[in-house]
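In what follows, chains carry the letters A, B, and so on, assigned in the order in which the sequence lines appear, proteins first and then strands, with residues in each chain numbered from 1. The figures that follow rest on heavy atoms only: side chains count, while hydrogens, waters and symmetry mates do not.
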There are 2 protein chains.
Amino acid sequence: MLADLVYKTILKDLEKRIFDNEFPAKKLPDERTLTSQYGVSRSSIKRALNVLANEGIVFKKRGSGTFVNPLYLKNRSLFNYEGSNLGVTDSMRANGKRPGIKVLDFSVIPATKEMQTDLFLASEDFVYRIRRLRLLDDQPVMIETGYIPIKIVPELSRTIVSGSIFNYLEDKKNQTVTKSFLSIEAQPSTKEDQELLNLSSNEPVGVMSGIFFLDDGTPFELSNMRLHYKYMKYNALVELK
Amino acid sequence: MLADLVYKTILKDLEKRIFDNEFPAKKLPDERTLTSQYGVSRSSIKRALNVLANEGIVFKKRGSGTFVNPLYLKNRSLFNYEGSNLGVTDSMRANGKRPGIKVLDFSVIPATKEMQTDLFLASEDFVYRIRRLRLLDDQPVMIETGYIPIKIVPELSRTIVSGSIFNYLEDKKNQTVTKSFLSIEAQPSTKEDQELLNLSSNEPVGVMSGIFFLDDGTPFELSNMRLHYKYMKYNALVELK
DNA sequence: TTTTAAAATTGGACCGTATCAATTTTCAAA
DNA sequence: TTTGAAAATTGATACGGTCCAATTTTAAAA
C-alpha cells in the first residue's frame with residue numbers, strides 16, 4: 001500500500017527483526033551503523049526508530065543506545081491496543097458480533113454557525129442530519145447523530161445511510177476517513193437514552209463527539225455518539241510529556 | 001525548562017497565537033513563510049507543526065495549507081494528557097485550580113496474579129496499595145487506587161504519597177514517568193463513589209485504568225481512577241488505520 | 001460563460017552535514 | 001587497585017537543500 005516509503009520499509013524490517021529475536025542483547029545497532037547498513041540517510045533511520053519508540057517497542061538512551069523493550073516481547077498483547085475505532089461498523093464486526101443500523105432520521109438542514117466553523121462551510125451550505133441507532137446482535141448500543149456537508153456527498157440517500165457511510169465512501173468514491181478528533185466523556189442517561197438503549201435510570205452513557213476527517217484533511221462529519229456504557233471502552237497509549 | 005529548543009519555542013508561540021485567535025480565517029501561514037518569518041529552517045517549522053497536528057490542534061492539507069482545528073479550542077479538557085503535562089497533579093494545576101490530595105489508604109499487600117503479569121513481578125513480590133481522593137479547590141473529583149511495586153521505590157512513605165508521586169520520582173530519584181496505557185470507560189456510580197465524590201445516584205463516574213511506565217520501559221504503577229463525570233473529558237486524535 | 005490545461009502554491013519525503021549533550025569507555029595518575 | 005579526567009560513543013537538534021504530490025489559481029481556449 002503505502003509501504004514504499006523509505007522510513008516505513010525500515011520500520012517494518014526492524015519490527016520483524018525484533019520479533020525474530022535478532023537482537024538477543026536487546027540492543028539495536030547504533031543509528032550511524034543502521035544508516036550505512038540500510039544505505040539511507042540517518043533522518044530516515046531516526047524517523048523509523050521514533051515510531052518504534054512511540055509505540056513502546058523500543059526505548060532510547062542518549063549516549064548508550066537504542067534498546068528493545070523487554071516487556072513488548074513478553075507481554076505483547078498489552079501493547080496491541082486498538083486505537084479505538086468505536087463508532088465504525090467495521091470495528092463492531094471485528095468484535096464478532098453482527099452489526100445493525102436503524103435510521104431514526106435522515107434530513108437536510110442549513111448548517112448552523114457551529115457547523116460552519118467545524119466543517120469549514122459557508123453560510124449558505126446545507127448538511128445532512130443523520131440520526132441512527134446502532135445495534136450489535138439486535139442489542140441497541142449507540143445513538144449516533146451525524147452532520148455531513150451535502151457538497152461532499154450530494155448523492156447520499158437513506159439506503160446508503162442504512163449501511164456504513166465510511167465503507168460507501170471508500171468503495172464508491174475512493175475516499176477514506178483516516179482521522180478523527182474525539183472528545184470522550186461520561187454523562188447520566190436521558191429519558192431518550194434509556195428508552196433507545198434499554199438503560200435503567202442510574203445507568204450512564206459514554207459520549208464521544210468530534211470530527212471525522214477525510215485522508216486529505218477535509219473535515220467530513222460532525223458526530224455525536226451516545227453509547228451504552230457497557231459498550232464504550234477506549235484504549236490509548238498516552239505520552240506524558 | 002526545556003523551552004530553549006527552537007522547535008519548542010515556535011511550537012509554544014504558534015500555540016499562543018492560535019489561542020489568541022490570531023488566525024481568524026483558521027489558516028496558518030504556509031511553511032515557507034513561517035520559515036522566513038521565524039528565521040529558522042523549514043525542518044524546525046515542520047517539526048513544530050507536526051506536534052500541533054498530532055495533538056489535534058491543527059490539521060494539514062497538502063496543496064492547500066495548515067488549518068486550526070476549531071473543535072480543539074472548545075474542548076480543552078481537565079484531564080488532558082496530551083501536551084506538556086506530567087501526572088494527574090500537574091494536569092490539574094495546569095487548569096488554574098488548586099489541587100489537593102487526601103490519602104485514604106496506604107498499605108502493603110502481596111501482588112495478585114494480575115499485578116504480577118501487568119507489573120512484571122515475581123510471585124513473592126509485594127506492592128504498595130495507595131488509595132487517594134483528589135480534590136480541585138476542595139471539591140472531590142477523583143478516587144485513585146494505585147499499586148506500585150515495593151522494589152522500585154522501597155522508601156515510599158505516607159508523606160510522599162500525600163503529594164505527587166511522579167514529581168517525587170523525578171526530583172529525588174531522577175526517574176520519569178513518560179508513558180501510560182489507559183483504558184477509558186463510563187460506569188454507574190457506586191455508593192462509595194456517591195459519598196466521596198458528592199454524586200447523586202443517577203450520576204456516573206468516568207473510569208480510567210491502566211499502567212504507567214518509567215522512561216526505560218519499566219511498568220511502574222497499576223492505576224484505577226474513578227472520576228466525577230463532570231471532570232472527565234478526554235481528547236484524542238484517533239487514526240483509523 | 002464554461003471548460004480545460006498550464007502554472008503556482010503548499011505540504012511531504014528524504015538526503016547529508018554540523019554541532020551538541022548524555023553516557024560509556026579508556027587510561028593515566030594517585 | 002582506585003580514582004578521575006579525557007576521549008569515544010551515541011542519540012538529539014537544527015540547518016538547508018532536492019525532488020515530489022496534491023491542490024488551487026490562472027489564463028487560454030471553446
Side-chain angles (χ1 to χ4, degrees), chain A residues 1-12 14 23 25-54 57-69 120 122 151-152 173-176 178-179 213-219 241, chain B residues 1-12 14 23 25-54 57-69 174-176 178 215-217 239:
Chain A
M1 188 179 286
L2 282 172
D4 51 333
L5 297 184
V6 172
Y7 85 94
K8 282 203 176 176
T9 311
I10 288 162
L11 173 62
K12 281 177 185 164
L14 283 176
F23 310 110
K26 303 296 174 222
K27 187 174 191 305
L28 269 61
D30 70 278
E31 295 183 351
R32 288 153 179 95
T33 302
L34 287 173
T35 297
S36 71
Q37 279 181 1
Y38 280 103
V40 302
S41 76
R42 195 172 158 205
S43 336
S44 298
I45 295 292
K46 285 188 93 65
R47 189 165 178 185
L49 288 177
N50 277 332
V51 175
L52 289 176
N54 287 334
I57 299 177
V58 304
F59 56 90
K60 302 190 272 190
K61 279 223 155 98
R62 185 191 327 201
S64 61
T66 302
F67 304 86
V68 176
N69 183 345
F120 279 73
K151 62 181 181 191
I152 295 185
K173 308 204 59 175
N174 203 32
Q175 284 183 298
T176 325
T178 50
K179 247 184 224 174
F213 297 90
L214 296 177
D215 53 0
D216 66 0
T218 311
K241 290 163 211 153
Chain B
M1 192 184 286
L2 284 171
D4 51 334
L5 298 183
V6 172
Y7 86 94
K8 283 206 175 176
T9 311
I10 288 161
L11 174 61
K12 282 181 182 160
L14 283 176
F23 310 109
K26 302 293 176 220
K27 188 174 190 306
L28 269 61
D30 71 277
E31 295 182 352
R32 287 153 179 94
T33 302
L34 287 173
T35 296
S36 70
Q37 280 180 1
Y38 281 102
V40 301
S41 75
R42 193 173 160 211
S43 335
S44 299
I45 295 292
K46 283 187 96 65
R47 187 163 181 185
L49 288 178
N50 277 332
V51 175
L52 290 176
N54 287 334
I57 300 178
V58 303
F59 58 90
K60 302 190 271 190
K61 288 181 73 164
R62 184 186 335 193
S64 60
T66 303
F67 304 87
V68 177
N69 176 352
N174 203 33
Q175 284 183 297
T176 324
T178 50
D215 54 0
D216 66 358
E239 305 270 343

How long is the line joining [atom1] of [X] and [atom2] of [N], in whole Å?
X       : N      : atom1 : atom2 : value
B:Ile10 : D:dT13 : CD1   : C1'   : 12 Å
A:Asp4  : C:dG12 : CG    : P     : 16 Å
A:Leu28 : D:dT10 : CG    : C1'   : 13 Å
A:Asn50 : D:dA14 : CG    : P     : 14 Å
A:Ile45 : C:dT17 : CD1   : C1'   : 16 Å
B:Leu5  : C:dC20 : CG    : C1'   : 11 Å
A:Phe67 : D:dG11 : CZ    : P     : 8 Å
B:Lys46 : D:dG17 : NZ    : P     : 16 Å

What residues, two or more places apart in sequence or in another chain, satisfy side chain to side chain contact (heavy atoms under 4.5 Å, CB included) together with [X]?
X       : value
B:Arg62 : none
B:Lys26 : A:Phe120, B:Asn21, B:Val68, B:Leu73
A:Ser43 : A:Ser41

Notebook entry, point to check: Between B:Gly63 and A:Ser43, who's closer to the 5' end of DNA chain D by nearest nucleotide?
Noted result: A:Ser43

Note to self: Let me spell it out: for each of A:Arg62 and B:Arg42, pick the nucleotide of DNA chain C with the closest heavy atom. Which residue's pick is nearer the 5' end?
What the structure shows: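 Checking each residue's closest nucleotide, the 5'-ward one belongs to B:Arg42.
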
Approximate separation, where rounding is to 0.5 Å, of [X] [atom1] and [Y] [atom2]:
X        : Y        : atom1 : atom2 : value
A:Leu34  : A:Leu14  : CG    : CG    : 6.0 Å
B:Leu28  : B:Phe23  : CG    : CZ    : 4.5 Å
A:Thr178 : A:Leu214 : OG1   : CG    : 7.5 Å

Check: Reckon A:Ser64 has a side-chain N or O less than 4.0 Å from the OP1 or OP2 of C:dT23?
Finding: no

Check: Taking only N and O in the side chain of A:Thr66, is any of them less than 4.0 Å away from OP1 or OP2 of D:dG11?
Finding: yes

Checklist line | Options C:dT10, C:dC15, D:dC15, nucleotide nearest the side-chain atoms of B:Lys27 | finding: C:dT10

Notebook entry, point to check: Of the nucleotides C:dC15, C:dC20, C:dG12, which has the atom closest to the A:Val40 side chain?
Noted result: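 Side chain of A:Val40 sits closest to C:dC15.
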
Next item on the list: For DNA chain C, determine which residues of residues 29-37 of chain A have any heavy atom closer than 4.0 angstrom to one of its atoms, and list them numerically.
Entry: none

Checklist line | With A:Thr33 via side-chain hydrogen bond (donor to acceptor under 3.5 Å, both in side chains) - residues at least two apart | finding: A:Asp30

Margin query: Going by the rule side-chain hydrogen bond (donor to acceptor under 3.5 Å, both in side chains), which residues pair with A:Lys151 if we only count those two or more places apart in sequence or in a different chain?
Written below: A:Asp125

Collect all protein-nucleotide pairs involving nucleotides 4-8 of chain D in which both atoms are nitrogen or oxygen and the distance is under 3.5 Å.
none

Next item on the list: Assign B:Lys61 to base, sugar-phosphate, or nothing according to its heavy-atom contacts below 4.0 angstrom with the strands shown.
Entry: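 Contact class for B:Lys61: sugar-phosphate only.
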
Item checked: Residue list, ring pair (Phe, Tyr, Trp, His ring centres under 6.0 Å) with B:Tyr38, at least two apart or on another chain ->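 Once residues adjacent in sequence are excluded, B:Tyr38 has no partner under the ring pair (Phe, Tyr, Trp, His ring centres under 6.0 Å) criterion.
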
Donor-acceptor pairs under 3.5 angstrom involving side-chain atoms of residues 45-52 of chain A: please list them, not counting sequence neighbours.
residue : atom : partner : partner atom : Å
A:Lys46 : NZ   : A:Glu31 : OE1          : 2.9
A:Lys46 : NZ   : A:Glu31 : OE2          : 3.2
A:Asn50 : OD1  : A:Lys60 : NZ           : 2.4
A:Asn50 : ND2  : A:Lys46 : O            : 3.2

